[in-house]
Peer 1: 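If you scroll down you'll find the structure; I have some questions about it.
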Amino acid sequence: MEFSVEQIAQMLGGEVIGDKSAKISKLGKIEEAGSNAISFLANLKYESHLYTSEAGAVIVNKDFEPKQEFTTTLIKVDDAYTAFTSLLEEYQKALKSSKVGVESPSFIGENVTEGENIYRGAFSYIGSQSTLGDGVKIYPHVYIGEHVIIGENSTIEAGVKIYPGTIIGKNCVIAAGSVIGSDGFGFAPQMDGTYKTIPQLGNVIIEDNVNIGANTVIDCATLGSTIIKQGVKLDNLIQIAHNVEVGKNTVIAAQTGISGSTKIGENCMFGGQVGLAGHLKMADRTMLAAQAGVSKSNNKEGEVLMGAPAFNSMKFFKSYAAFRKLPETVERLSKLEQKINESK
Amino acid sequence: MEFSVEQIAQMLGGEVIGDKSAKISKLGKIEEAGSNAISFLANLKYESHLYTSEAGAVIVNKDFEPKQEFTTTLIKVDDAYTAFTSLLEEYQKALKSSKVGVESPSFIGENVTEGENIYRGAFSYIGSQSTLGDGVKIYPHVYIGEHVIIGENSTIEAGVKIYPGTIIGKNCVIAAGSVIGSDGFGFAPQMDGTYKTIPQLGNVIIEDNVNIGANTVIDCATLGSTIIKQGVKLDNLIQIAHNVEVGKNTVIAAQTGISGSTKIGENCMFGGQVGLAGHLKMADRTMLAAQAGVSKSNNKEGEVLMGAPAFNSMKFFKSYAAFRKLPETVERLSKLEQKINESK
Amino acid sequence: MEFSVEQIAQMLGGEVIGDKSAKISKLGKIEEAGSNAISFLANLKYESHLYTSEAGAVIVNKDFEPKQEFTTTLIKVDDAYTAFTSLLEEYQKALKSSKVGVESPSFIGENVTEGENIYRGAFSYIGSQSTLGDGVKIYPHVYIGEHVIIGENSTIEAGVKIYPGTIIGKNCVIAAGSVIGSDGFGFAPQMDGTYKTIPQLGNVIIEDNVNIGANTVIDCATLGSTIIKQGVKLDNLIQIAHNVEVGKNTVIAAQTGISGSTKIGENCMFGGQVGLAGHLKMADRTMLAAQAGVSKSNNKEGEVLMGAPAFNSMKFFKSYAAFRKLPETVERLSKLEQKINESK
């Protein structure tokens with residue numbers, strides 16, 4: 001893909017100051033972009049980069065007035081950041097939509113239903129009785145068990161493993177190496193110290209517009225379903241145990257773990273490396289600071305929790321500030337004790 | 001698979017109250033089960049669900065006396081929970097045993113020894129000189145290096161990677177995406193600030209009846225073996241470093257990490273996101289609370305540790321309760337200081 | 001591979017005491033090695049094992065004088081540990097270099113450039129326009145997207161997934177199941193509570209001599225590159241977010257997570273399960289204790305940080321010691337208050 005600066009300016013409804021004929025094939029950071037790349041300047045903190053930029057063109061706000069000389073070409077638009085983002089999106093769409101068709105060898109079981117414009121990469125495996133909606137992309141080394149349903153325009157990236165019975169909605173993206181629907185961790189202790197496996201017969205349901213990062217694991221339910229509601233965003237290396245529910249539009253950062261049967265509300269935000277015990281409820285808009293360890297349910301919407309065991313973050317910060325000064329505080333106490341004892 | 005209510009009642013030695021001819025093909029939760037599913041009621045806390053249940057049948061204890069009308073069919077047995085669990089087990093056995101045979105394409109090296117009733121999925125790779133016992137199931141995208149031994153009736157799920165020289169016992173289950181036998185993390189610092197790789201020549205030995213979750217990693221030993229003893233249950237995304245030993249029937253929750261050469265006793269229980277330093281020993285039945293950070297050996301059997309660095313959990317709870325009130329405590333101290341100073 | 005004791009002694013420049021003709025095919029620990037294995041004794045703490053060892057030969061320091069009878073053969077060298085390590089290295093090199101050639105089936109896209117002495121395992125996938133240098137080894141189930149460059153003598157182990165545009169240097173090793181170049185976790189909140197995906201158009205650059213453990217994830221940059229500098233050693237299950245830079249020869253233990261745009265200096269050492277917030281800078285030689293939670297930049301070279309939020313480790317230890325005694329300290333305060341009140 002290659003466009004002239006003039007073509008891009010037209011797409012963005014912008015005005016060109018400089019060389020309209022320069023050819024652009026990439027997007028880049030203002031300080032790194034070469035002559036075939038376009039960049040942007042929205043925050044004037046980075047203005048100095050403009051004057052040394054080698055970019056083929058730089059998108060700026062229309063009220064921007066340069067204070068020094070520069071060699072790059074400007075495209076002036078109403079909002080440089082928004083204009084650049086829309087370029088990014090178009091670029092990525094163009095890149096990704098190119099994948100259509102079936103590479104060889106790939107494996108497809110009996111009675112698989114396939115929509116139109118599907119991509120199935122080499123070494124992908126589709127179990128029998130499964131359904132792939134229109135526009136679904138299955139990258140190489142993906143395993144899809146039996147009776148799986150994947151909604152239209154969802155993308156399953158390289159090496160994802162999806163166990164039998166999983167249901168995935170529309171417009172989802174699951175990044176490489178994630179595992180969906182593995183057995184929940186359920187073992188019943190026996191009199192002789194051994195453990196007996198509790199059969200895990202449920203499944204995982206992932207609703208529409210969900211993004212799941214790389215090497216994340218979502219276990220199936222013991223009975224019923226582990227449910228990831230619409231619009232949820234999960235980062236990499238996350239653990240979601242059996243029978244968990246994650247509410248609509250909740251965002252969870254990397255390496256967080258949620259134990260069995262815990263229910264997370266809508267629009268929650270969890271930092272990285274957070275841990276939640278089992279059978280808890282988190283109210284809508286609960287925020288958990290990174291590394292929080294949550295052992296109790298939270299019924300207060302919008303509450304911010306921190307620490308392990310976690311409690312209100314403002315209180316945590318006060319306690320932690322006092323923890324940092326604790327040796328001095330003990331010293332003060334000792335002096336006071338001495339004073340009192342001497343005064344007796 | 002489909003059974004009549006009467007057939008199931010006979011299997012369980014139970015008595016039917018209602019429609020003996022209803023057809024059952026699934027198991028479900030009492031509040032979700034449809035007319036083709038069977039459920040159970042053991043805990044009377046959930047009794048109200050019975051009166052609205054649409055299940056084809058519900059297993060109840062024989063002394064259960066309904067207090068309202070209902071439309072489902074009852075099967076009365078001695079112990080509803082146990083009866084339902086045995087149904088679950090039979091159901092899962094039936095599902096899983098169906099996988100036998102070899103799918104194409106698959107790769108098999110020279111001099112591989114294979115038992116009977118094996119399943120090898122498409123795109124599975126078996127390295128030369130390896131041995132698969134009777135009833136072993138190798139799912140798609142599994143990689144098995146050279147000189148690996150897998151005992152009878154073990155199941156290696158989709159995309160597991162097993163390095164050369166690994167030995168796995170009988171009746172083990174390794175979930176999707178796990179890595180067994182990768183190099184230990186050993187690097188010797190050099191004078192110029194770089195690191196030299198220390199060759200990792202050992203292997204991993206996994207004994208009988210071990211379950212390993214998804215995307216878990218077990219490194220090989222530098223020399224000798226990293227050993228997972230019989231009956232151990234490991235959850236998802238766990239890190240087991242080189243030369244670790246995990247004792248019989250120990251259970252470890254997700255995202256826990258154990259550093260090099262640490263020896264874990266028998267029947268220990270570790271919560272999620274626990275971390276252990278290297279070269280430690282944990283006595284039998286040591287319990288570690290979630291997110292504990294263990295920096296010292298524990299010689300006391302049955303000890304419960306918490307916190308980071310971890311110590312006795314009862315003491316931790318007391319210290320943490322005091323931590324939460326620490327700002328008020330400092331305030332009390334300040335007031336007391338003021339009082340003393342004023343009184344002088 | 002099989003050598004006589006005499007051949008090994010010649011390689012090491014050592015003197016044989018005992019049976020020169022014994023055949024050696026393995027390396028092992030002194031207490032476990034059988035008659036076909038060679039071992040070593042460097043630390044006299046383990047001397048007693050020598051007298052019961054069944055090893056075919058044991059390497060010892062030339063000034064070693066046995067105090068009891070033994071049956072094994074000795075090889076006396078200047079430095080037993082160094083000699084044994086060099087044997088280990090030769091052994092591993094011999095094992096690994098044996099992999100050359102292309103197994104079937106494998107997938108290779110258009111315009112792929114391949115050097116000499118390459119190994120491409122069965123079910124490996126090389127995207128179009130990619131380049132593999134001389135001596136590169138691609139194990140089974142590896143996915144390499146389009147426009148990827150892999151430098152000479154780098155090894156990509158089973159099931160690694162490398163996204164399009166990734167650049168990897170020379171002599172790197174990436175262990176099984178790792179994911180390089182997945183999308184960064186970037187979502188823009190919308191007025192209706194949903195999130196819009198921010199396109200991730202950058203890549204990952206891994207320089208020379210980098211080792212990456214199993215099931216680790218490195219996200220691509222939003223724009224520009226996520227950069228892992230030369231000589232970096234990453235353990236298993238690590239999360240590296242978009243636009244992170246890890247400086248030369250930095251070593252990071254398992255399950256650590258680094259948030260977006262954070263820059264790590266050279267020769268840093270991070271323990272396991274460490275977490276770093278986004279947009280931070282860590283000075284050269286920063287050391288982070290296991291499970292540290294870092295929320296602020298550190299500008300002090302060689303600083304050691306601990307705790308969450310992390311601060312100077314010596315201060316942390318003092319505060320934590322006081323935390324353990326906190327209930328007693330509060331008790332002391334209460335008694336003092338009582339005393340004062342009574343004395344009034």
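Naming convention: chains lettered A, B, ... in sequence-line order (proteins, then strands); numbering from 1 in each chain. The model shown is predicted, which means the values in this text are computed figures rather than measured ones.
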Peer 1: Could B:Glu146 and C:Lys99 be called an ion pair, given the rule that one side-chain N must be under 4.0 Å from one carboxylate O?
Peer 2: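 A salt bridge links B:Glu146 with C:Lys99.
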Peer 1: Looking at C:Thr329, C:Leu234, C:Leu27, which has the largest count of heavy-atom pairs under 4.5 Å with chain B?
Peer 2: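 The answer is C:Leu234.
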Peer 1: Taking everything shown except C:Glu337 itself, do over 12 heavy atoms lie less than 6.0 Å from its CD?
Peer 2: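 Counting other residues, nucleotides and ligands, CD of C:Glu337 exceeds 12 neighbours.
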Peer 1: Chain B heavy atoms under 4.5 Å from C:Ala290: which part of the residue, side chain, backbone, both or neither?
Peer 2: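 Answer is neither: C:Ala290 stays 4.5 Å or more from chain B.
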Peer 1: Heavy-atom pairs under 4.5 Å with chain C - which of B:Gly275, B:Ala277, B:Ser182 has more of them than the others?
Peer 2: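 Going by pairs under 4.5 Å, I would pick B:Gly275.
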Peer 1: Do the side chain of C:Ser39 and the main chain of C:Gly28 share a donor and acceptor less than 3.5 angstrom apart?
Peer 2: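 Side chain of C:Ser39 to backbone of C:Gly28, a donor-acceptor pair under 3.5 Å: yes, one is there.
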Peer 1: Counting only heavy atoms closer than 4.5 Å, note whether C:Ser334 contacts chain B via side chain, backbone, both or neither.
Peer 2: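 Both backbone and side chain.
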Peer 1: Tell me which of these, B:Tyr320, B:Phe316, B:Tyr163, B:Phe311, has more heavy-atom pairs under 4.5 Å with chain C than the rest.
Peer 2: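 It is B:Phe311.
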Peer 1: When only pairs under 4.5 Å are counted, which of B:Thr222, B:Thr216, B:Leu326, B:Val142 shares the most heavy-atom pairs with chain C?
Peer 2: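 Heavy-atom pair counts peak at B:Val142.
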Peer 1: Report which part of B:Phe187 has an atom under 4.5 Å of a heavy atom belonging to chain C: side chain, backbone, both, or neither.
Peer 2: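 Answer is side chain: those atoms of B:Phe187 sit under 4.5 Å from chain C.
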Peer 1: Given 3.5 Å as the limit, does a donor-acceptor pair link the side chain of C:Gln291 with the main chain of C:Ala289, or not?
Peer 2: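 Checking the backbone N and O of C:Ala289 against the side chain of C:Gln291, no donor-acceptor pair under 3.5 Å is found.
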Peer 1: Name the region of C:Phe323, side chain, backbone, both or neither, that has any atom closer than 4.5 Å to a heavy atom of chain B.
Peer 2: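 Both backbone and side chain.
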Peer 1: Using non-hydrogen atoms and a 4.5 Å limit, figure out which bit of B:Val294 sits close to chain C: side chain, backbone, both or neither.
Peer 2: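 Contact with chain C: none, neither part.
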Peer 1: Donor-acceptor pairs are to be reported for all side-chain atoms of residues 192-199 of chain B against protein atoms at under 3.5 Å, with residues two or more places apart or in another chain.
Peer 2:
{"unit_1": "B:Asp192", "atom_1": "OD1", "unit_2": "B:Thr194", "atom_2": "N", "d": "3.1"}
{"unit_1": "B:Asp192", "atom_1": "OD1", "unit_2": "B:Thr194", "atom_2": "OG1", "d": "2.7"}

Peer 1: Would you mind checking which part of C:Gln273 comes under 4.5 Å of any heavy atom in chain B, side chain (CB onward), backbone (N, CA, C, O), both or neither?
Peer 2: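 Side chain only.
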Peer 1: Among C:Ala158, C:Ser104, C:Gly231, C:Gly121, who wins on heavy-atom pairs under 4.5 Å with chain B?
Peer 2: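 The option with the most such pairs is C:Ala158.
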Peer 1: Under a 4.5 Å heavy-atom cut-off, does chain B meet the side chain of C:Leu336, its backbone, both or neither?
Peer 2: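 Both backbone and side chain.
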Peer 1: Using non-hydrogen atoms and a 4.5 Å limit, figure out which bit of C:Leu87 sits close to chain B: side chain, backbone, both or neither.
Peer 2: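 Neither the backbone nor the side chain of C:Leu87 comes within 4.5 Å of chain B.
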Peer 1: Between C:Asn211 and C:Lys233, is any side-chain donor less than 3.5 angstrom from a side-chain acceptor?
Peer 2: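 There is such a pair (donor and acceptor under 3.5 Å, judged by atom type) between the side chains of C:Asn211 and C:Lys233.
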Peer 1: Kindly write out the residues that satisfy side-chain hydrogen bond (donor to acceptor under 3.5 Å, both in side chains) with C:Asp79, not counting sequence neighbours, or none if the list is empty.
Peer 2: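 Per chain and number, C:Asp79 pairs via side-chain hydrogen bond (donor to acceptor under 3.5 Å, both in side chains) with C:Thr82.
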Peer 1: Measure C:Asp235 against the heavy atoms of chain B and call it side chain, backbone, both or neither at under 4.5 Å.
Peer 2: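 Its backbone and side chain both get close to chain B.
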Peer 1: Donor-acceptor check, side chain of C:His141 to backbone of B:Phe123, threshold 3.5 angstrom: yes or no?
Peer 2: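 Flag set: sc C:His141 to bb B:Phe123 pair under 3.5 Å.
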Peer 1: At a heavy-atom distance under 4.5 Å, which candidate from C:Ala122, C:Pro140, C:Ala254 has the highest pair count against chain B?
Peer 2: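 That would be C:Pro140.
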Peer 1: Answer with side chain, backbone, both or neither: which region of C:Leu333 has an atom nearer than 4.5 Å to a non-hydrogen atom of chain B?
Peer 2: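 Contact with chain B: backbone and side chain both.
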Peer 1: Between B:Lys161 and C:Glu157, is the closest basic N to carboxylate O distance under 4.0 Å?
Peer 2: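 No, this pair does not count.
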Peer 1: Calculate, to the nearest 0.5 Å, the distance between atoms CD and CD belonging to B:Gln129 and B:Glu110 respectively.
Peer 2: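 Taking CD in B:Gln129 and CD in B:Glu110, the distance rounds to 7.5 Å.
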Peer 1: Go through the atoms of B:Pro309 and report whether side chain, backbone, both or neither lie under 4.5 Å from a heavy atom of chain C.
Peer 2: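 Contact with chain C involves both backbone and side-chain atoms of B:Pro309.
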Peer 1: Under a plain distance cut-off of 3.5 Å, with no hydrogens placed, do B:Ser225 and B:Asn203 share a side-chain donor-acceptor pair?
Peer 2: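 Side chains of B:Asn203 and B:Ser225: pair found under 3.5 Å.
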